[in-house]
Visitor: 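Got a structure for you, written out below as structure tokens; questions coming shortly.
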Amino acid sequence: MQRHAITFQIKPGSEAAVRELLATYDPPDWDTPDGARLISTSIFMKDTTVIRVVEIDGSLPSVMAHLSRQPSIQQLERALDPHLAVPRDLSTPDGARAFFMTAIMEHVTTRVAEPVR
């Protein structure tokens, strides 16, 4: 399993609308055609900073491409656009790639507890 996080800024005053959008969108299809899988997604907000954490099995590019084709995700991203502090263009693969290259956070460490014996 891998964890990845992206961050983006929203406009001040958009917090309630963004919180509602992110809490209520329909979940995507979890499995990609090539066998990769989105395991979970968590979203955190602090003031105008949003962090989305995804856990996946398989290739990140495969999961991201799959998610970008999901109607519920496309609808969510369009609804978020007016609230973003920095505009983005997810309508093309190059635009989506550019956004994710700037929004993805560096993974520093993951610590996992030893199994209880």
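For clarity, every value in this text was computed on a predicted model and none was experimentally measured. Note that these values count all heavy atoms, side chains included, but never hydrogens, waters or copies made by symmetry.
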Visitor: Kindly indicate whether the side chain of L80, heavy atoms from C-beta on, has any atom under 4.5 Å from the side chain of L22.
Guide: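 L80 reaches L22 side chain to side chain.
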Visitor: Can a salt bridge be assigned to the pair R52 and E77 using a cut-off of 4.0 Å between side-chain N and carboxylate O?
Guide: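 So R52 pairs with E77 through a salt bridge.
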Visitor: Check residues 43-51 and write down every donor-acceptor pair under 3.5 Å in which the side-chain atom is one partner and the other belongs to a residue at least two apart or another chain.
Guide:
from, atom 1, to, atom 2, distance (Å)
T48, OG1, Q9, OE1, 3.4
T49, OG1, Q9, OE1, 3.2
T49, OG1, Q9, NE2, 3.0

Visitor: With heavy-atom distances below 4.5 Å as the criterion, would you say the side chains of P28 and L38 are in contact?
Guide: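 Heavy-atom side-chain distance check passes, below 4.5 Å.
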Visitor: Run the salt-bridge test on R37 and D31 with the 4.0 Å N-O cut-off and return the result as yes or no.
Guide: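 Answer for the salt bridge query: yes.
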Visitor: Atom CD1 of I104 and atom CG of L60: how far apart are they, to the nearest 0.5 Å?
Guide: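 Atom-to-atom, I104:CD1 and L60:CG are 5.5 Å apart.
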Visitor: Mind checking the CG-OG spacing from D57 to S62? Nearest 0.5 Å is all I need.
Guide: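 One gets 11.5 Å once the value is rounded to the nearest 0.5 Å.
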Visitor: If you link ILVMFWY side chains whenever their heavy atoms are less than 4.5 Å apart, which other residues fall into the same cluster as V108? By chain and number, please.
Guide: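 Joined to V108, directly or through intermediates: none.
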Visitor: Is the shortest side-chain heavy-atom distance between V63 and V54 below 4.5 Å?
Guide: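 Side chain of V63 against side chain of V54, heavy atoms only: no contact under 4.5 Å found.
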Visitor: Are the side chain of T24 and the backbone of E20 linked by a donor-acceptor contact shorter than 3.5 Å?
Guide: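 Flag set: sc T24 to bb E20 pair under 3.5 Å.
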Visitor: Check whether T32 reaches the backbone of A36 with its side chain - one donor and one acceptor, N or O, closer than 3.5 Å.
Guide: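 Yes; judged by distance alone, with no hydrogens or angles, the pair exists.
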Visitor: Does the side chain of R3 reach to within under 4.5 Å of the side chain of T110, using non-hydrogen atoms?
Guide: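 Yes, close enough: below the 4.5 Å cut-off.
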Visitor: Are L76 and L21 side-chain neighbours, meaning at least one heavy-atom pair lies under 4.5 Å?
Guide: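 They are in side-chain contact.
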Visitor: Indicate yes or no: at least one non-hydrogen side-chain atom of I39 is less than 4.5 angstrom from one of M1.
Guide: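 Result yes, sub-4.5 Å side-chain heavy-atom pair found.
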Visitor: Do the non-hydrogen side-chain atoms of Q75 and Y25 ever get within less than 4.5 Å of each other?
Guide: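 In short, these two side chains do not touch, never coming nearer than 4.5 Å.
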Visitor: Could you measure the distance from the NE2 atom of H83 to the NZ atom of K11? Nearest 0.5 Å is fine.
Guide: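 Output value for this atom pair is 8.5 Å.
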Visitor: Would you give the length of the straight line joining atom CZ of F99 to atom CE of M64, rounded to the nearest 0.5 angstrom?
Guide: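 These two atoms lie 9.0 Å from each other.
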Visitor: Without swapping roles, check the side chain of H66 against the backbone of D29 for a donor-acceptor pair under 3.5 Å.
Guide: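 A pair under 3.5 Å: yes.
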Visitor: Using a 4.5 Å cut-off on heavy atoms from C-beta on, say whether the side chain of D81 contacts that of R88.
Guide: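 The answer is yes; the side chains approach within 4.5 Å.
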Visitor: Taking Q74 for the side chain and S68 for the main chain, is one N or O donor matched with an acceptor at less than 3.5 Å?
Guide: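 Confirmed, Q74 side chain pairs with S68 backbone.
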Visitor: Show your reasoning for whether side chain to side chain contact (heavy atoms under 4.5 Å, CB included) applies to V18 and L84.
Guide: CA-CA 9 Å; V18 169; L84 299 179; over 6 Å; no
